[in-house]
Amino acid sequence: MDSPHDLVVIGGGVGGLVTASVAGQLGLDVVLIEREPALGGDCLHSGCVPSKTLIRSAGVAHTAREAGRFGVDATVGDVDLTRVMARVHEVIAHIQHHDDPDRFRGYGVDVRFGEAHFVDSHTVAVKGEWVRGRRFVIATGSKPAIPPIPGIETIPYLTNETVFKAQTLPERLAVVGGGAIGIELAQAFSRLGSRVTVIEAGERILPKDDPMLTEALQAHLQSEGITIHTATPVTGARPGASARTAMLELGETGETLEVDEVLIAAGRQPNISALDPETAGLDLNANGTLQVDARLRTSQRHIYACGDCVGPFPFTHMAEYQAGIIISNAIFRLPRKVDYRAVPWVTYTDPELAHVGMTGAEAERAGIEHELAVFPVADVDRAIAEGCTVGELRLRIAKGRIIGASLLAPHAGELIHELALAVTERIPLRKLASMVHAYPTLAQITKRAAGAHYSPQLFSARTRWLVKWINRLLP
Ligand SMILES: Cc1cc2nc3c(=O)[nH]c(=O)nc-3n(C[C@H](O)[C@H](O)[C@H](O)COP(=O)(O)OP(=O)(O)OC[C@H]3O[C@@H](n4cnc5c(N)ncnc54)[C@H](O)[C@@H]3O)c2cc1C
Ligand SMILES: NC(=O)c1ccc[n+]([C@@H]2O[C@H](COP(=O)([O-])OP(=O)(O)OC[C@H]3O[C@@H](n4cnc5c(N)ncnc54)[C@H](O)[C@@H]3O)[C@@H](O)[C@H]2O)c1
């Protein structure tokens, strides 16, 4: 029997690619197994890249329609979804070059295509061939979870796996789920010209984000013409009057909604079952993700796992971060634990909604006494000049340091990183208040929020009294 490989990586998305390429470049004997015909995973083919590219086209259409507001006349016709999607796929193809299998083979990685499943805890089978390994990394990602809506199987519906192949803009689109996928794509399709209805079972959209900011974002989306139902589960589905339409039953009331297309964005399900996890003795959590410890080892200590198949933050940057932890533990053999205290995330609506560190609810649960500093986007000069004044920055401050920040603002996804650094490095808030921020930038919101937090202290009766006396005493 062949000697086992040093490392077998299952899944050619971000988590798997980062681990395999580093291990290969460090001279380990690495096999990377991917079941799709191309590397890149969800993020490249049906996630971040296509969604952000679609959002860009939608933004262009929106800006053109709004041009009059900026003193510029523009006429906008109908959006040609075929051309929009052609650009989406051009962008995917462009980025795909980074994930060319030959690039990884150049790093010394043996790239194989086919679905892997465990035969025992040290062996996987791929297309009938056995691959043995001393250590494994599972990075198999996730797929859309389809909620058990009675009749859902009787209607055609889109998910993130099919929506970027659409060629005709639906006149009426129902989006089931008000999480990140649902909300980003709802605004994109609405701006491209669809009449969009979001149906969210929970009390509010984007439930992990700051409630004040999600409320403001919801109001903004509604002002753009999107209908949003919250606390409304979809309770039934059936074909509509014509072959292409669908009827959805909303809430307990039995109210119906007829649409031309339904997009299901109701959460994710980890890609685990195809691996035969029980054969390898792998334990699962109640939500189906793989159980891992703080060093990302599964219940079999030589099998590590990262990314969406593990959670708890199903983002590309977290798959990459976790891959780094695995590299430390499994390759350098330096024990390193995950630290989720300063995880940034962004929902790419316009304006964007970004967050890092503790939410208010988490701080309360942890019993951390904190103050809130709030600064409105409408008071930032650059935002006024840009004509985008919706949103605010909400800083949670404990003992002079930021423990969490939530921001609804144009380009919030770029602005959050200064705050992420402050949270990670425990930089005192007064340093952000005194740091020079170029004028007029949107980034001034951080300095202004910090400054506003200190201004009652600065202009207090006591300080005024002190200043008066210093100026009297000194020449
Ligand atoms: C519409 C959408 C938009 C998103 N936008 C963002 C965003 O803006 N920012 C962000 O950070 N995140 C975003 N995400 C989430 C992001 O795509 C995922 O967090 C990320 O792709 C996870 O990476 P991964 O390596 O864990 O898994 P994946 O990228 O899914 O890769 C897993 C790979 O494993 C392969 N595989 C599965 N099972 C097997 C098997 N048995 N054998 C062999 N191969 C297998 C799959 O084919 C896949 O290629 C978005 C997701 C969606 C759906
Ligand atoms: N910008 C980003 O970083 C980004 C963008 C898109 C996706 N993602 C990642 O992908 C993950 C999955 O996204 P998602 O939006 O599918 O999941 P999600 O879990 O974030 O949201 C799903 C929503 O659907 C609702 N829902 C579930 N069943 C329902 C039903 N029957 N009727 C009505 N509503 C229902 C849930 O209450 C929930 O609010 C996210 O958690 C995120 O990590 C990230």
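Along the sequence shown, residues carry numbers from 1. Note that ligands are numbered from 1 as they come in the structure, with each ligand's atoms numbered from 1 the same way.
- Within the set Thr159, Val9, Thr140, Asn160, the minimum heavy-atom distance to atom 37 (C) of ligand 1 is found for Thr140.
- Interface of Val346 with ligand 2, defined as ligand atoms under 4.0 Å from a residue heavy atom, comprises 1 (N), 2 (C), 3 (O).
- Of the polar atoms of Asp42, at least one N or O is found under 3.5 Å from an N or O of ligand 1, judged by distance alone.
- Of the N or O atoms in Pro314, one or more lie within a sub-3.5 Å distance of an N or O in ligand 2.
- For atom 12 (N) of ligand 1, the closest non-hydrogen atom on the protein side is Thr316 N, 3.4 Å.
- With a 4.0 Å heavy-atom cut-off, ligand 2 is reached by no atom of Ile183.
- Between Ser46 and ligand 1, not a single N/O pair is under 3.5 Å apart.
- Residue-to-ligand polar distances place Glu34 within reach of ligand 1: an N/O pair is separated by less than 3.5 Å.
- At a heavy-atom cutoff of 4.0 Å, ligand 1 is contacted by no atom of Trp345, backbone or side chain.
- Only the side chain of Pro147 comes within 4.0 Å of ligand 2, judged by heavy-atom distances.
- Ligand 2 is never approached by Trp345 to a heavy-atom distance shorter than 4.0 Å.
- Checked against a 3.5 angstrom limit, the closest N/O atoms of Asn271 and ligand 1 fall outside it.
- Here the shortest heavy-atom distance to atom 14 (N) of ligand 1, taken over Gly47, Gly41, Gly11, Cys48, belongs to Cys48.
- Counting heavy atoms closer than 4.0 Å to ligand 1, residue Met318 contributes nothing at all.
- Taking any N or O of Val176, backbone or side chain, none lies under 3.5 Å from an N or O belonging to ligand 2.
- Residue Leu275 touches ligand 1 through its side chain alone, judged by heavy-atom distances below 4.0 Å.
- Summary of contacts: the protein heavy atom closest to atom 15 (O) of ligand 2 is Ile181 N, 3.1 Å.
- Below 3.5 Å of separation, one finds an N or O of Gly267 facing an N or O of ligand 2.
- Nearest protein heavy-atom contact of atom 27 (O) of ligand 1 is Gly141 CA, 3.2 Å.
- In terms of N/O distances under 3.5 Å, ligand 1 is not approached by Ile10.
- For ligand 1, none of its N or O atoms has an N or O atom of Ile181 under 3.5 Å away.
- For ligand 1, the atoms lying closer than 4.0 Å to a non-hydrogen atom of Arg268 are 53 (C).
- Note: an N/O pair closer than 3.5 Å links Gly15 and ligand 1 by distance alone.
- Considering only non-hydrogen protein atoms, atom 38 (C) of ligand 2 sits nearest to Glu200 OE1, 3.5 Å.
- At under 3.5 Å, a nitrogen or oxygen of Glu184, whether backbone or side chain, sits near a nitrogen or oxygen of ligand 2.
- Contacts between Cys43 and ligand 1 below 4.0 angstrom, taking non-hydrogen atoms only, involve backbone and side chain alike.
- Within the listing of ligand 2, atoms 15 (O), 20 (O), 21 (O), 23 (C) sit less than 4.0 angstrom from a heavy atom of Gly179.
- The distance from ligand 2 to the heavy atoms of Ile199 drops below 4.0 Å at these ligand atoms: 33 (C), 34 (N).
- Taking the ring centroids of Phe118 and Phe136, they lie under the 6.0 Å cut-off.
- A side-chain donor-acceptor contact under 3.5 Å links Glu258 and Thr245.
- For a threshold of 3.5 Å applied to N or O pairs, the pair formed by Ala201 and ligand 2 contains at least one separation below that value.
- Where the criterion is an N or O separation shorter than 3.5 Å, residue side chain and backbone included, Ala116 meets it with respect to ligand 1.
- Of the N or O atoms in Arg35, one or more lie within a sub-3.5 Å distance of an N or O in ligand 1.
- Considering Gly413, Pro37, Gly114, Ala319 only, the shortest heavy-atom separation from atom 23 (O) of ligand 1 involves Ala319.
- Nearest non-hydrogen protein atom to atom 26 (O) of ligand 1 is Asp308 N, 2.9 Å.
- Per-residue contacts place Tyr348 under 4.0 angstrom from the following atoms of ligand 2 (heavy atoms of the residue considered): 1 (N).
- In terms of protein heavy atoms, atom 31 (O) of ligand 1 is closest to Gly13 CA, 3.3 Å.
- Against a heavy-atom cut-off of under 4.0 Å, Arg268 is close to the following atoms of ligand 2: 11 (C), 12 (C).
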